[in-house]
Every structure is written in C-alpha cells, then in structure tokens.
Protein chains: 4
Amino acid sequence: MSPAPSPEKVSARAEAQRVRILDAARVCFSERGFHGASISAIAEVAGMSQGLIYRYFTNKAAIIRAITDEQREERREALAGIATCSELVEKLLEKIDAWRETGPGMTCEGGFDAALFLEVSAEATRDPDIAAVVTAQEPQIWVDFEALVQRSAEAAGKPLDAAALRRRTVVMRCLVDGLILCYVRDPAQDREVLRRSLQEAVTALCL
Amino acid sequence: MSPAPSPEKVSARAEAQRVRILDAARVCFSERGFHGASISAIAEVAGMSQGLIYRYFTNKAAIIRAITDEQREERREALAGIATCSELVEKLLEKIDAWRETGPGMTCEGGFDAALFLEVSAEATRDPDIAAVVTAQEPQIWVDFEALVQRSAEAAGKPLDAAALRRRTVVMRCLVDGLILCYVRDPAQDREVLRRSLQEAVTALCL
Amino acid sequence: MSPAPSPEKVSARAEAQRVRILDAARVCFSERGFHGASISAIAEVAGMSQGLIYRYFTNKAAIIRAITDEQREERREALAGIATCSELVEKLLEKIDAWRETGPGMTCEGGFDAALFLEVSAEATRDPDIAAVVTAQEPQIWVDFEALVQRSAEAAGKPLDAAALRRRTVVMRCLVDGLILCYVRDPAQDREVLRRSLQEAVTALCL
Amino acid sequence: MSPAPSPEKVSARAEAQRVRILDAARVCFSERGFHGASISAIAEVAGMSQGLIYRYFTNKAAIIRAITDEQREERREALAGIATCSELVEKLLEKIDAWRETGPGMTCEGGFDAALFLEVSAEATRDPDIAAVVTAQEPQIWVDFEALVQRSAEAAGKPLDAAALRRRTVVMRCLVDGLILCYVRDPAQDREVLRRSLQEAVTALCL
DNA sequence: CATGAATGAGTTTTCATTCAT
DNA sequence: CATGAATGAAAACTCATTCAT
C-alpha cells in the first residue's frame with residue numbers, strides 16, 4: 001500500500017501546491033497590497049493551513065518574489081499573439097476593463113491585473129530583492145517588445161534600424177505603461193477618447 | 001508679560017507640526033510604503049512621540065490621505081514653469097535622477113518622488129478613499145496639462161482644437177507617466193536613449 | 001485694577017470649578033464607568049482644559065473618590081422628605097424611571113443615577129480607597145434609614161425597639177437596593193408588578 | 001502511530017483553552033473590573049500568550065460577554081439544591097463569606113463572586129450587548145426562583161396562586177440581591193444581625 | 001488661573017513564523 | 001505531507017499626567 005511516489009509525482013504535487021498558493025497570493029496581494037495581505041488570508045484563500053505555506057515558500061518575501069517573477073511570463077504571453085502596436089493598445093484596453101469587472105488576482109490566463117502591476121513596480125522602488133527580480137525581467141521584455149514594434153513597423157512599410165527600433169520601442173512601452181496609470185487614476189474617464197488618443201499616437205509614430 | 005498667543009500663532013504652530021509630520025510621513029512612506037511604514041517610524045523621523053501625531057491626525061489613514069492630497073499641488077508646480085513638452089521631458093528626467101540620488105521623501109520643493117507616486121497609484125487601486133482623492137485631482141491636472149500641450153503646439157506653429165488637444169494631452173500624460181514606470185523598473189538603462197526616444201516622440205506629435 | 005480677590009471669593013470660585021468638574025465626571029462615569037471614562041472626556045463636558053482639572057483634583061482617583069463621597073449626601077436628601085416606607089418605594093420607582101428617561105449623570109437635584117450607584121458599589125469591591133469612602137457613609141445612612149423606618153412603624157401604630165428597628169431597617173435597605181438591581185437587570189419588566197410586590201412586602205412588615 | 005486526533009479531541013482541547021481563558025478572565029475582571037483588567041493580565045493568569053487568546057475569542061468584548069453569560073448557569077446551580085427561602089438566605093451568606101476569604105474569580109463550583117455580579121450589573125447599564133445578555137437570562141432565573149418560592153410556601157402550608165407567587169418572588173429577589181449590595185457596602189457589619197433580619201422577613205412573608 | 005501641547009507607558013489587536021502532533 | 005496551536009514582536013491607538021507659556 002501507498003508505494004513511495006516517484007519523484008516526478010512528488011514534484012508535480014509540490015508544483016501544484018505552489019500554484020495554489022500563488023493563485024491565492026495573487027488575489028490577496030491585489031486586494032490588499034503586499035504588506036496589507038496576511039499569510040493567514042492567503043492560506044484561507046488557498047484552502048490550506050498557514051503552516052503548509054512554509055513548506056513551499058521559506059518566507060512571505062519569497063512569495064512576493066515569486067509573484068513578481070511571474071509577471072515576466074505574463075507579459076510575454078500578453079505580447080505573444082499580437083501583430084501590431086495598434087492591436088496591442090486595443091487588447092490592453094480590453095484587459096484593463098476585464099480586470100475592473102472580474103476583480104483582483106485574475107492575472108493568469110492572459111488576464112492583466114493593474115493593481116498587481118503597480119504594486120510590484122512600487123515595491124521595486126523599495127525592496128532591492130524585488131528590484132532585482134524586476135530588472136532581470138527587462139531584457140526579455142525588451143526583446144519581445146522590439147519584435148512587436150518591428151513587426152508593426154514592417155506592416156506599415158517602414159522597417160526600422162536597431163537604434164531607431166529601440167527608441168520607438170521605448171516610446172511604445174511608455175505609452176502602454178502610462179495608459180495603465182492613466183486608467184487607474186481616473187477610472188471614470190471616457191474610454192473611447194483614451195483609445196483614439198493612443199491609436200492616433202501609434203499612427204503618428206508610423207507603427 | 002507673556003501675552004496670550006494670538007490665534008494665528010496657535011494655528012501656525014499646529015500647522016508647523018502638521019508639516020513636520022507630513023515631511024516625516026513622506027520619507028517613511030516613500031521608503032517602506034503606506035502599509036510598511038509604522039506610526040512609530042514616522043514619529044521618530046518627525047522627532048516627536050507617537051501620541052502627539054494623533055493630536056494632528058485622527059488616523060494613519062488621514063496621514064495617507066493628506067500625503068495623497070499633496071500630490072495635486074506638487075504636480076501643478078511641476079508643470080508651472082514649463083514652456084513646452086520637450087522641456088517637460090527634460091525636467092522630468094532630471095527630477096527622477098535627483099530622486100534616485102537624494103533619496104526618498106523629497107517630494108516638496110519642486111522635487112519628485114517616483115516611489116510615492118507609484119505607491120499612491122497602487123493604493124488608489126485598493127482603497128476607495130484614496131481613489132476618491134486621486135480622482136478628484138484629475139480635472140485640475142488635465143487643465144494644467146492641456147495648457148502646456150496647447151502652449152507647446154502653438155510654439156510649434158500648430159495650435160489644436162479642443163478634441164485634438166485632449167487626445168494629444170492624453171498621449172503626453174501616458175508618455176510621461178510611463179516614463180516614470182520605465183525608469184523605475186530598469187534604473188540601469190541608458191538615460192540618453194530614454195531622453196532621445198521621448199523627444200523623438202514629442203517631435204513626431206508636433207509638440 | 002484687578003485687586004487681590006478676597007479669600008472667600010477665591011474659594012467660592014474654586015468650589016464652583018470643582019462642581020463643574022464633578023458634574024461632568026458624573027455624566028461621563030455614568031455613561032462609561034470609572035475606567036471607561038477619560039479625563040479628556042470629562043474636561044470636554046466640563047468645558048475646560050484637561051490640565052485645569054488637575055488644579056482641583058490631584059488624580060483621576062480623587063475625582064472618583066469625590067463622586068463616591070457625594071452619594072452620601074444624595075442618599076440623605078433622598079430620604080429627607082419622605083414619611084413612610086411605602087412612600088419611599090413609590091418615590092424610588094419614580095426616580096429610576098426618571099433616570100432611564102433623562103439619561104446619565106442626573107444624580108443631583110434629588111435625582112438618582114442607578115448606573116453610578118452600581119459602579120460605585122462595584123468599585124468598592126476592588127479599590128480599598130473607595131471601599132473606605134463607601135463604608136464611612138454607612139453609619140449616617142443607617143441613622144437616616146432607621147429614622148424613616150421608625151416613623152413608618154409609628155404611623156402603623158407599631159413602634160419598634162432598637163434591635164427590632166435595626167433588623168427591620170436592614171430588610172428595608174435590602175429591599176430597596178435590590179429593587180434597583182432588579183430594575184437594571186430586566187428593564188422591560190412590568191413596573192406595576194414591581195410596585196405592588198414591594199408595597200405588599202412593606203405591609204407584611206407592618207411598615 | 002500518532003493517529004490524527006479525532007474531532008472531539010480537537011474541540012475538547014479548544015474547549016479546555018476557552019475554559020482556561022474564562023477562568024483567568026473571571027479572576028482579573030473580579031479584581032479590576034471589565035475595563036480595568038487588561039488582556040495581557042488575563043493572558044498571564046491563563047499562562048498563555050496574548051495572541052493565543054484571540055484564537056478563542058474575537059474580542060475582549062466577547063470574553064466579557066461570555067463571562068456575563070456564564071452567570072445564568074451559576075445562578076441556576078445556586079438555586080438547585082435549595083429547599084426553602086430560609087435556606088437560600090443561609091447559603092448566600094455563607095457564599096459571600098467564602099468569596100471574601102478565598103478571593104476573586106471563584107465563581108464556578110458553586111461559589112459566588114459578588115464583585116463580578118455587581119460588575120456585570122453595572123456594565124449592563126452601559127453596554128447594550130451586555131444588557132441584552134443579562135436580560136435574556138432573566139426569564140430562566142424567574143422560573144427557577146418562582147419554583148423555589150412556591151416550594152417554600154408549600155412547606156409553610158400556604159401555596160400561592162400565580163400572581164401572588166410572582167409578587168412574593170420579586171420580593172425575595174430584591175431581598176437577596178439587596179443583601180449582596182448591603183454586604184459589599186459595609187463588610188464590617190454584624191453578620192448575625194444581617195442573618196436574623198433576613199430570616200425574620202422571610203418568616204413575615206410566610207415563606 | 002488657565003491652556004493645550006507633549007509624553008511615555010499602556011491598551012487592544014494582528015501577524016509572520018515555528019513546531020508538536 | 002499537513003495541521004493549526006502557539007508565540008513574541010510589533011502594529012495602531014489611547015490616556016493619565018506634566019509643564020511651558
């Protein structure tokens with residue numbers, strides 16, 4: 001009875017547990033912030049005991065780091081199926097709307113959680129560990145983003161050389177990240193104006 | 001002798017104390033976040049007892065609200081002496097650099113504290129009170145920002161009608177707010193590239 | 001100008017201040033209990049600064065002692081105009097009703113504050129100082145009470161000798177104090193039943 | 001081995017902890033009053049950390065409520081083995097004496113804590129929650145008390161009809177509760193006089 | 001005489017973390 | 001592997017008391 005489970009089984013189970021914890025943490029952190037959310041809240045949402053969490057993460061800090069680290073992949077996925085900058089703007093607006101409606105923690109499955117994104121960015125400002133994780137994500141994000149911008153430029157018939165590509169990419173990232181802040185700070189503002197403003201800028205930049 | 005202090009004197013003292021507390025709070029909140037900073041830390045930085053803080057603010061929440069509310073004025077001042085969008089980009093980059101060097105809490109006196117800005121934005125995501133304060137600032141900020149954009153457009157010989165002005169202003173705000181995020185997330189990145197990218201965009205937008 | 005006030009004037013003023021403080025304290029203690037009421041609350045109700053209170057009372061404990069001490073006089077007054085035990089029961093019921101309606105602190109002016117009476121009794125259980133004050137009142141109260149009971153007995157044509165008088169007085173005091181507890185613990189109970197029960201007992205005791 | 005503890009075991013432990021806390025609370029509340037006793041004092045007496053108390057009671061208020069609620073059962077038990085009103089008076093005097101000697105908090109095991117009884121009554125005057133708990137106990141207490149009074153009346157050969165029974169019961173309760181107050185306010189008084197006075201009254205009431 | 005700012009110790013309560021079972 | 005009881009430190013907040021003015 002109860003044969004020793006194969007190592008893969010074990011780590012599969014372990015991985016599943018980690019996922020459960022991270023799913024719960026995402027919800028809690030999004031709702032209350034990294035420092036406002038308690039381990040006991042996470043445990044409750046995850047449907048497990050507080051003690052068990054410490055079998056999979058040494059620390060609350062480790063959970064925060066893991067959540068922060070996830071965002072790299074999410075960001076990659078967000079850019080994956082997208083052909084042009086114009087489409088990116090469109091999709092992002094949709095996702096922010098979805099976030100407002102479905103509530104916090106829905107970062108996975110192609111969703112986007114603006115609260116978590118800002119919390120991570122703010123925390124990166126203070127905690128060197130988090131800053132390191134965030135900064136480490138950047139090269140990859142730049143690669144993906146540049147690919148998109150180049151794709152977009154080529155679609156517009158104006159391919160860019162390396163330096164111009166980088167600059168155009170910087171602008172696009174600022175635009176996109178700034179859009180999130182804009183939306184968060186004044187959620188009542190006219191979404192259509194937002195959309196058209198951004199699209200106009202994309203056009204002006206020949207993307 | 002020892003005349004009863006005039007009421008102005010009294011409230012002047014009270015006001016001075018409030019300022020001391022807010023100065024300390026700005027430093028602490030910037031360093032540790034709203035929920036990571038403790039009242040006792042604020043009291044220590046302010047050089048007073050914890051109890052005294054409660055004579056001037058009913059709550060920690062009240063301090064957070066006050067700090068959030070301050071940002072309106074700071075933002076106004078930041079735009080005040082600026083003629084064109086190009087100049088805005090230049091000044092903002094300088095200020096972010098200054099913040100990185102002088103450390104946290106230097107929001108006043110024309111300074112800019114990116115950490116605090118992000119913390120406020122993140123908190124607005126969770127706390128309806130903070131969201132209300134932030135949202136209430138927006139109309140004023142739009143007015144100031146539109147004035148700058150129009151000034152800039154006129155300087156470029158291309159004045160804008162109301163609708164176009166609004167759209168261009170949205171783009172500028174996204175650009176500028178996004179720049180902050182970009183900088184925070186990858187502080188090591190080449191500042192010169194950042195500068196040129198943004199300026200290029202400003203030019204492309206005829207501002 | 002401002003001639004040195006005569007000593008009587010001074011102590012008259014001092015006495016008036018003490019009264020203001022005690023009036024306020026009575027209200028606060030009645031509403032929140034000795035330990036639940038704060039000096040600052042008393043100061044506010046008294047319309048003066050907290051510091052001033054300490055010019056007239058060395059301590060919070062001193063105020064509590066003073067309030068406790070007052071009850072002797074109140075109790076005397078309560079018995080003063082009363083002819084028979086039957087009348088006492090009637091008056092007490094009226095006063096408890098008045099207290100329920102007019103709210104706390106109305107101990108003076110022939111009123112009766114059941115909350116304060118119980119608070120004092122409870123505190124006497126714990127604080128030896130208060131116990132001493134309360135116990136010191138008792139001889140006087142017994143004298144007054146015995147006078148009433150004797151009056152009542154004579155009115156019924158059955159004067160009592162010293163020992164019997166004392167015993168009958170004990171019973172009357174228990175009856176009357178117990179009535180207060182009964183009322184407080186079940187304020188909804190039928191007042192008429194209460195009245196008749198007590199009166200019946202008075203009759204049975206030939207008072 | 002080391003079998004998972006059965007659910008009964010688990011809640012048995014929890015129940016035991018609650019009892020430990022309530023035992024400690026009884027002592028502390030009796031010694032210092034509800035608002036004078038601190039959670040840390042209760043924790044110390046209970047021999048546990050402050051934090052642990054909050055695993056079993058959400059609030060200090062919840063502990064106060066629980067202590068208040070206990071009194072119903074204590075009161076029931078106090079009346080249980082008693083045949084006549086005369087015996088009740090005898091037993092009560094004994095218990096008050098025991099309380100004076102054994103110190104505070106000995107409410108359980110057929111003991112009686114006058115301090116706690118008065119504290120609860122005083123608190124009922126201020127806190128609606130406590131008032132509700134106290135008032136909710138009353139019907140049961142009346143039932144028990146009426147049973148005793150009827151028993152006593154029958155023993156005296158004079159059974160009472162419903163209305164008279166109620167009135168006689170009111171008188172007995174006032175007598176008994178008032179006795180507690182009398183004793184507390186003047187603990188030095190002659191216990192024998194007290195005893196004889198009450199017994200005389202009981203006789204006069206044909207109980 | 002009077003104020004109210006100031007303090008420091010104390011309050012209740014929460015929380016990350018550990019550990020026996 | 002999993003629980004959840006237990007802890008100790010720290011959080012926000014209150015309060016009696018003092019003191020410069």
Side-chain angles (χ1 to χ4, degrees), chain A residues 2 5 10 13-14 17 35-44 47-63, chain B residues 1-5 9-10 13-14 16-17 35-43 47-63, chain C residues 2 5 10 13-14 17 35-44 47-63, chain D residues 1-5 9-10 13-14 16-17 35-43 47-63:
Chain A
S2 83
V10 167
R13 172 169 185 75
Q17 294 285 59
H35 296 289
S38 70
I39 289 286
S40 88
I42 295 173
E44 191 171 11
M48 62 176 67
S49 68
Q50 304 182 41
L52 191 48
I53 289 184
Y54 286 83
R55 189 167 289 278
Y56 298 101
F57 294 90
T58 54
N59 254 351
K60 191 184 179 186
I63 305 181
Chain B
M1 296 292 124
S2 92
K9 269 279 181 56
V10 167
R13 177 174 191 75
Q17 293 287 59
H35 298 291
S38 70
I39 289 286
S40 90
I42 295 173
M48 61 177 69
S49 68
Q50 304 184 37
L52 191 51
I53 289 185
Y54 288 87
R55 183 171 291 276
Y56 299 101
F57 294 90
T58 52
N59 255 351
K60 192 184 179 186
I63 305 180
Chain C
S2 82
V10 167
R13 174 171 185 72
Q17 294 285 59
H35 296 288
S38 69
I39 289 286
S40 88
I42 295 173
E44 191 171 12
M48 62 177 66
S49 68
Q50 303 183 41
L52 191 49
I53 288 184
Y54 285 83
R55 188 166 290 276
Y56 298 100
F57 294 90
T58 53
N59 254 350
K60 192 185 178 185
I63 305 180
Chain D
M1 300 292 125
S2 91
K9 269 277 182 56
V10 168
R13 176 173 193 74
Q17 293 286 61
H35 297 290
S38 70
I39 289 286
S40 89
I42 296 173
M48 60 177 70
S49 68
Q50 304 184 36
L52 191 51
I53 289 185
Y54 287 87
R55 183 170 292 276
Y56 299 101
F57 294 91
T58 53
N59 256 351
K60 191 185 178 184
I63 304 180

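Naming convention: chains lettered A, B, ... in sequence-line order (proteins, then strands); numbering from 1 in each chain.
- If you check every strand for non-hydrogen atoms under 4.0 Å, Leu52(C) touches a base.
- Here the P atom of nucleotide dT18(E) and the CZ atom of Phe57(A) are 16 Å apart, to the nearest Å.
- Between His35(B) atom NE2 and dA16(E) atom P there is a gap of 13 Å when expressed in whole angstrom units.
- As rounded to whole Å, 11 Å separates atom C1' of dA16(E) from atom CD1 of Ile42(A).
- Taking the nucleotide of DNA chain E with the nearest heavy atom to each of Gly47(B) and Ile39(A), the more 5' of the two is matched to Gly47(B).
- Residue-to-nucleotide proximity on DNA chain F shows that, of Gly51(D) and Tyr54(B), the 5′-proximal contact is made by Gly51(D).
- Residues Gly36(A) and His35(B) come closest through the heavy atom pair N-CB, 4.4 Å.
- Within 4.0 Å (heavy atoms only), Tyr56(D) reaches sugar-phosphate atoms of the nucleic acid but no base atom.
- Listed nucleotides: dT17(F), dA5(E), dT7(E). Nearest to the side chain of Met48(B): dT7(E).
- Using a 4.0 Å heavy-atom distance criterion, Ala37(B) is classed as a sugar-phosphate-only contact.
- Atom C1' of nucleotide dT3(F) and atom CD of Glu44(A) are separated by 15 Å, given to the nearest angstrom.
- With rounding to the nearest 0.5 Å, the separation of CD in Gln50(A) from OG in Ser38(A) is 7.5 Å.
- Judged by distance alone, with hydrogens and angles left aside, the side-chain atoms of Lys60(C) form a donor-acceptor pair with the main-chain N or O of Ala37(C) at under 3.5 Å.
- Look at NZ on Lys60(B): it is 12 Å from C1' on dA10(F), rounded to the nearest Å.
- Expressed to the nearest 0.5 Å, how far OH of Tyr56(A) lies from CD1 of Ile63(A) amounts to 13.0 Å.
- For DNA chain E, if you chain together Watson-Crick or G-U pairs that step i with j, i+1 with j-1 and so on, the runs of at least three with distances under 3.5 Å are E:2-21 with F:2-21.
- Here Ala41(B) lies out of heavy-atom contact (under 4.0 Å) with every strand.
- When the nucleotides dA6(F), dA16(F), dT12(E) are ranked by their closest atom to the side chain of Arg13(D), dA6(F) comes out on top.
- Across Ile39(B) and Ile53(B), no two heavy atoms sit closer than the pair O-CD1, 4.0 Å.
- Counting non-hydrogen atoms under 4.0 angstrom, Ser49(D) reaches a base of the nucleic acid.
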Derivation and outcome, side-chain contact (heavy atoms from CB on, under 4.5 Å), residues Gln17(B) and Met48(B)
CA-CA 10 Å; Gln17(B) 293 287 59; Met48(B) 61 177 69; 3.8 Å; yes

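- At whole-Å resolution of the value, CG in Asn59(B) and P in dA12(F) are 11 Å apart.
- Comparing Ile53(D) and Gly36(B) by the nucleotide of DNA chain F whose heavy atom lies nearest to each, the residue mapping closer to the 5' end is Ile53(D).
- Residue Arg55(B) has its side chain nearest to dG4(E) when only dA16(E), dT3(F), dG4(E) are considered.
- Side-chain atoms of Gln50(A) and base atoms of dC15(E) include no donor and acceptor less than 3.5 Å apart.
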